[in-house]
Novice: 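Quick one: the structure is below, and I'll ask about it shortly.
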Amino acid sequence: MNIFQIYQKKIKDLILNINKNGKIEIPENLDSIGVDIPPNQFKSHISTNVAMILSKINKTNPMDLAKKIKTELGKVDQSIEKIDIVKPGFINITFKNIFWNQFIQGVINEKYEYGSSSSNNKKSYFLEFVSANPTGPLHVGHCRGAVSGDVLANILKFNKHKVHKEYYVNDYGNQIINFTKSVYLRIKEQIENKPYPKDQEDLYPGEYIIQIAKNIINDNKDLNFDSFDKISDKLTILSVNESIKIIKSNLENIGIVHDKFQSEREIVNNNEVQKTIDKLIKNKFVYNGKIKAPEGEDKNKWVEREQLLFRSTDFGDDKDRALQKSDNSWTYFAGDVAYHENKLNRNYDTYINILGADHAGYIKRITASVEALSGEKNKLICKVSQLVKLIKDGKPFKMSKRKGDYITVEDLISEVGKDATRFIMLNRSSDAEIDFDFDKVKEKSKDNPLYYVQYCYARICSVFRHINKDINEEIKIEKYNFNFSSEDIDVYKKISEWPKCIEISSKKLEPHRVPTYLYELSSLFHSYWNMGKEDKTKRFISEDKKISDEKLVLLKSVSNVIKTGMNLVGVSTPDKM
RNA sequence: GCGCCCUUAGCUCAGUUGGAUAGAGCAACGGUUUUCUAAACCGUGGGUCGGAGGUUCGAAUCCUUCAGGGCGCGCCA
């Protein structure tokens with residue numbers, strides 16, 4: 001039940017028909033014909049730009065064309081009350097009550113499925129997100145991509161697509177060696193009272209490593225910690241496992257569960273990197289060459305070196321990218337290319353990576369590699385979540401891993417809660433930076449848009465309590481034959497946009513549109529509610545403690561959409577607040 | 001130097017594959033509670049959509065260019 005799609009099709013059919021009779025010319029591509037809700041100052045219900053689209057090819061002015069279309073449309077569509085033609089050439093349609101009755105009956109019948117796309121174009125998506133280094137707990141910076149990835153997955157699933165959620169564990173390379181060393185020294189600190197070196201650059205300073213060390217000691221009583229070299233492989237695995245335990249519990253606390261954690265180490269050990277590189281060599285995407293120093297780099301420090309390079313410039317990157325380090329071990333990129341080959345072999349239609357802003361420079365080379373491996377453009381889509389700018393005590397707060405000085409997801413959840421965290425992180429376009437004022441969110445959590453939407457739902461629940469009905473039960477309506485007020489229709493117009501919101505969020509991979517929509521719908525409902533203070537006939541419950549079917553339908557449709565939307569966002573809808 | 005992202009009201013931001021008089025919240029000011037939840041509502045003020053060109057019937061949206069801010073730029077992941 002997407003009235004915009006329905007009317008877009010109707011109008012296309014109509015002009016195709018008029019075209020058949022030779023009365024108008026039409027362009028080949030009719031996609032730019034839009035159906036929308038007109039701005040507030042027009043009282044009409046929907047509007048279309050079709051006349052303006054057709055005016056050029058017909059060499060007539062849009063107003064005349066609009067008149068022609070108006071007459072034809074009026075003939076074939078019985079649910080239209082009135083058609084206005086406005087200034088440049090908009091055709092504004094006002095529906096009869098029967099239209100809104102049928103519409104809202106459809107909405108009620110679809111229940112929590114309303115908004116889900118009805119198209120048959122079901123795809124499978126492979127969604128990689130979070131993928132933070134397994135060297136400690138998640139911090140606030142990871143949170144945004146985590147939430148938007150999770151909600152994106154929910155939206156795609158809601159549209160009946162298949163979605164696989166994966167976390168890539170970077171458990172190979174120098175960072176992990178340093179991390180393992182840190183754990184080792186914390187173990188030494190525990191069992192031999194050796195003080196932990198505080199100022200050593202490559203060691204992790206975080207206190208959480210003490211707990212990791214304790215856990216490892218406890219669970220591995222027979223392990224001998226005398227020599228780092230002897231146990232480093234074993235210790236790496238143990239340390240990473242401890243980290244992942246922490247990360248999984250962090251994620252769980254914000255309501256995120258991945259389908260799989262894929263280890264980088266496993267991919268390297270399976271020789272998948274070599275195999276993938278061989279494949280690329282065979283297809284001439286890899287060669288031995290040198291990389292020039294970037295402008296602005298100190299030319300004296302730069303050592304040119306012959307190395308294995310991937311031809312990402314063939315795909316629009318600014319330079320070719322190194323696959324091997326000077327010690328012949330693989331670069332991070334090489335491993336990641338192999339990982340993407342591994343993903344491709346799992347046969348999904350589309351791959352999505354949610355990345356942090358600091359990895360934006362990485363997008364070209366990785367999409368290039370996927371294009372080289374799969375031979376398809378746009379097989380991999382990377383979405384970047386811009387930075388979360390933290391503000392503490394009114395000042396920008398720089399998190400530093402080195403100092404162990406950062407706000408973790410745990411801190412955030414315990415201060416503001418899971419629901420508020422998810423809603424705030426999602427409430428803005430991921431293209432824009434967020435100012436996250438930690439103190440403000442703590443103090444003034446009531447100003448949070450989350451509560452505004454939840455309050456809307458709670459108010460509806462309160463009405464249901466008063467009339468002794470269960471909000472989750474289906475309502476029984478004899479006949480949809482209501483005479484809706486203009487305020488009712490304002491709410492229904494918004495409800496009619498819900499499938500559109502989902503469609504765009506899904507298509508553009510922009511989950512932030514959902515909380516924005518829910519806020520707007522709630523706002524209309526709160527206005528509606530407050531009308532009851534002045535005018536008793538606008539209240540939901542009448543003086544004899546009854547509720548009309550008409551009002552029941554409004555409450556039910558709004559609450560269903562809010563519930564559906566909040567489920568997608570992954571936050572609760574309390575019955576009482 | 002190069003690449004990507006951003007610039008919309010005093011502040012934080014929405015803005016539908018280009019549509020009509022650009023919208024919210026916060027902050028300011030004024031009002032609304034014997035009433036289904038005031039965590040709400042109503043009203044007032046507040047804008048060269050960073051600047052300049054261009055494409056178009058029509059631009060905050062697309063293109064070019066300039067300015068400002070952020071992120072990144074071979075063996076970190």
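For clarity, every value in this text was computed on a predicted model and none was experimentally measured. To find a chain, count down the sequence lines: A is the first, B the second, and so on, and within it residues start at 1.
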Novice: Would one find a side-chain N or O of A:Y452 under 4.0 angstrom from OP1 or OP2 of B:rC41?
Specialist: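 Looking at the OP1 and OP2 atoms of B:rC41, one of them is under 4.0 Å from a side-chain N or O of A:Y452.
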Novice: Figure out the CD/C1' separation between A:E534 and B:rG43, and round it to whole Å.
Specialist: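 Those two atoms, CD and C1', are 12 Å apart.
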Novice: Mind checking the C1' distance from B:rA9 to B:rC2? Whole angstroms is fine.
Specialist: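 It works out to 36 Å between them.
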Novice: Would you mind classifying the nucleic acid contact of A:D535 as base, sugar-phosphate or nothing, using non-hydrogen atoms under 4.0 angstrom?
Specialist: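 Counting heavy atoms under 4.0 Å across all strands, no contact is made by A:D535.
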Novice: Just checking A:R465: base, sugar-phosphate only, or nothing, at a heavy-atom cut-off of under 4.0 Å?
Specialist: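 The residue A:R465 makes base contact.
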Novice: By the 4.0 Å heavy-atom rule, please label A:V86 as base, sugar-phosphate, or nothing.
Specialist: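 Since a base atom lies under 4.0 Å of A:V86, the category is base.
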Novice: Provide, to the nearest angstrom, the distance between the CH2 atom belonging to A:W302 and the P atom belonging to B:rC73.
Specialist: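 To the nearest whole Å, that distance equals 11 Å.
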Novice: Which of these nucleotides, B:rU16, B:rA39, B:rC41, is closest to any side-chain atom of A:Y451?
Specialist: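 For the A:Y451 side chain, the nearest candidate turns out to be B:rA39.
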Novice: A:E520 CD to B:rG25 C1': how many Å, rounded?
Specialist: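 Rounding to the nearest Å, CD of A:E520 and C1' of B:rG25 are 12 Å apart.
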Novice: Does a side-chain N or O from A:H359 land closer than 4.0 Å to OP1 or OP2 of B:rG3, or not?
Specialist: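 For B:rG3, OP1/OP2 do not have a side-chain N/O of A:H359 under 4.0 Å.
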Novice: Taking only N and O in the side chain of A:N174, is any of them less than 4.0 Å away from OP1 or OP2 of B:rC76?
Specialist: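 Yes, A:N174 has a side-chain N/O under 4.0 Å of OP1/OP2 on B:rC76.
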Novice: Within the structure shown, what part of the strands sits under 4.0 Å from A:S55 by heavy-atom distance: base, sugar-phosphate, or nothing?
Specialist: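 Contact class for A:S55: none.
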Novice: In whole angstrom, give the distance that lies between atom CD of A:Q5 and atom P of B:rU16.
Specialist: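 From A:Q5 CD to B:rU16 P: 18 Å.
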Novice: Looking at the angle O4'-C1'-N9-C4 for a purine or O4'-C1'-N1-C2 for a pyrimidine, is B:rU33 syn or anti, with syn meaning within 90° of 0?
Specialist: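 B:rU33: syn.
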Novice: Nearest to the side chain of A:Y519, which nucleotide is it out of B:rG25, B:rU16, B:rC36?
Specialist: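 It is B:rG25.
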Novice: Which nucleotide, B:rA77, B:rU21, B:rG19, lies nearest any side-chain atom of A:M52?
Specialist: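 Nearest to the side-chain atoms of A:M52, counting from C-beta on, is B:rG19.
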Novice: How far, in whole Å, is B:rC71 from B:rA40 if one measures between their P atoms?
Specialist: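 After rounding to an integer number of Å, I get 35 Å for this pair.
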Novice: Consider the side chain of A:R305, meaning its heavy atoms from C-beta on, and name the nucleotide among B:rC71, B:rC75, B:rC2 that approaches it most closely.
Specialist: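 Among B:rC71, B:rC75, B:rC2, the one nearest the side chain of A:R305 is B:rC75.
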Novice: Using OP1 and OP2 only, check whether a side-chain N or O of A:R365 sits under 4.0 Å from B:rC73.
Specialist: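 Checking B:rC73 against A:R365, no side-chain N or O comes under 4.0 Å of OP1 or OP2.
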Novice: Give a yes/no on whether any side-chain N or O of A:R459 is located under 4.0 angstrom from OP1 or OP2 of B:rA38.
Specialist: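 Checking A:R459 against B:rA38: at least one side-chain N or O falls below 4.0 Å of OP1 or OP2.
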Novice: Starting at CG of A:N178 and ending at P of B:rC76, how long is that distance when rounded to a whole Å?
Specialist: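 Value for this atom pair: 10 Å.
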Novice: If you measure from the C1' atom in B:rG70 to the same atom in B:rU64, how many Å do you get, rounded?
Specialist: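 Each nucleotide's C1' atom is 23 Å from the other's.
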Novice: Indicate whether OP1 or OP2 belonging to B:rG31 is found under 4.0 Å from a side-chain N or O atom of A:K533.
Specialist: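 Looking at the OP1 and OP2 atoms of B:rG31, neither is under 4.0 Å from any side-chain N or O of A:K533.
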Novice: Report which part of the nucleic acid A:P62 touches: base, sugar-phosphate, or nothing (heavy-atom distance under 4.0 Å, all strands).
Specialist: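 Nothing: the residue A:P62, judged by heavy atoms under 4.0 Å, touches no strand.
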Novice: Is A:G532 touching bases, backbone alone, or none of the nucleic acid, heavy atoms closer than 4.0 Å?
Specialist: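 The residue A:G532 makes base contact.
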Novice: Without decimals, in angstroms, what is the distance between A:D435 CG and B:rG69 C1'?
Specialist: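 About 12 Å, once rounded to whole Å.
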Novice: Can you confirm whether A:F423 sits close enough to A:Y519 that some side-chain heavy atom of one is under 4.5 Å from a side-chain heavy atom of the other?
Specialist: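 Contact flag for A:F423/A:Y519 side chains = no.
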Novice: Less than 4.5 Å apart, side chain to side chain, heavy atoms only: is that true for A:K325 and A:N174?
Specialist: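 Counting from C-beta outward, A:K325 and A:N174 do come under 4.5 Å.
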Novice: Rounded off to whole Å, could you give me the NZ-to-C1' distance for the A:K538 and B:rC36 pair?
Specialist: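 After rounding, the reported distance stands at 16 Å.
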Novice: Run A:K494 and A:E497 through salt bridge (Lys or Arg N to Asp or Glu O under 4.0 Å) and show every step you take.
Specialist: CA-CA 5 Å; A:K494 195 75 213 174; A:E497 287 186 292; 3.3 Å; yes
Novice: Less than 4.5 Å apart, side chain to side chain, heavy atoms only: is that true for A:L308 and A:V286?
Specialist: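 They are in side-chain contact.
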Novice: Does A:K87 make a side-chain N or O approach to OP1 or OP2 of B:rA20 shorter than 4.0 Å?
Specialist: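 False: A:K87 side-chain N/O out of range (4.0 Å or more) of B:rA20 OP1/OP2.
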Novice: Answer with base, sugar-phosphate or nothing: what part of the nucleic acid does A:S527 contact at a heavy-atom distance below 4.0 Å?
Specialist: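 Touches sugar-phosphate only.
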Novice: Nearest-Å distance, CZ (A:F4) to P (B:rU17)?
Specialist: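 It is 12 Å, rounded to the nearest whole Å.
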Novice: Please tell me if A:W330 has a side-chain N or O lying less than 4.0 Å from either OP1 or OP2 of B:rC75.
Specialist: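 No, no such contact exists.
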Novice: For A:R265, is there any backbone N or O sitting under 3.5 Å from a side-chain donor or acceptor partner on A:D171?
Specialist: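 Between the backbone of A:R265 and the side chain of A:D171 there is a qualifying donor-acceptor contact (under 3.5 Å).
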